[in-house]
Every structure is written in C-alpha cells, then in structure tokens.
Amino acid sequence: MDLTPRHTVSPAVASAALANEAIRALVDSRAGQDWSAMESATYEVLLIEWAAATRAGGDIIEAA
C-alpha cells in the first residue's frame, strides 16, 4: 500500500513553468547588458511558448 500523495501537474502548467524558468534565466543572464538579435529572438519565442501554455485552447501561432 502506497501512502505517498500523488500530485499531478497538467502538461500546460508544466510547459508554462518551464518557459517561465527559461525566460527568467535568459533575463537574469543578460541583466544590464545589450541583447543580440539572437537573444531577442529567443526571448520572443519563449514568450510565445509561455503564452501558448497558459491558454486553455492551446497553440498560438505568430509570425515574427
């Protein structure tokens, strides 16, 4: 008999949390510095991923 509580996290919540952590890491690593075009593009993609994960409906498609 297993008495350990089982906490499940929905995939959307997990994806949003992962995207949020990646955004924070990127911002923290570049604090006070200019961003390259690649870093700006990475930030934009992470924001789109986070937004998609926080929407109940799913994917967000946007052209850069």
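- Each of T42, I23, N20 was compared with L47 under the side-chain contact (heavy atoms from CB on, under 4.5 Å) criterion, and only I23 meets it.
- Among residues at least two apart or in separate chains, there is no salt bridge (Lys or Arg N to Asp or Glu O under 4.0 Å) pair with a member in residues 14-27.
- Under the 4.5 Å side-chain heavy-atom criterion for ILVMFWY residues, a single connected hydrophobic cluster contains both Y43 and W50.
- For the pair A53 and A16, the tightest heavy-atom approach, listed with the atom from each and the gap, is CB-N, 3.4 Å.
- Scanning both residues, A19 and L46, for their nearest heavy atoms gives CB-O, 4.1 Å.
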Validation: residues 26-33 side-chain donor-acceptor distances under 3.5 Å, sequence neighbours left out:
unit_1: S29; atom_1: OG; unit_2: A25; atom_2: O; d: 3.3
unit_1: S29; atom_1: OG; unit_2: L26; atom_2: O; d: 2.8
unit_1: R30; atom_1: NE; unit_2: E39; atom_2: OE1; d: 3.3
unit_1: R30; atom_1: NE; unit_2: E39; atom_2: OE2; d: 3.1
unit_1: R30; atom_1: NH1; unit_2: Q33; atom_2: OE1; d: 2.8
unit_1: R30; atom_1: NH2; unit_2: Q33; atom_2: OE1; d: 3.2
unit_1: R30; atom_1: NH2; unit_2: D34; atom_2: O; d: 2.7

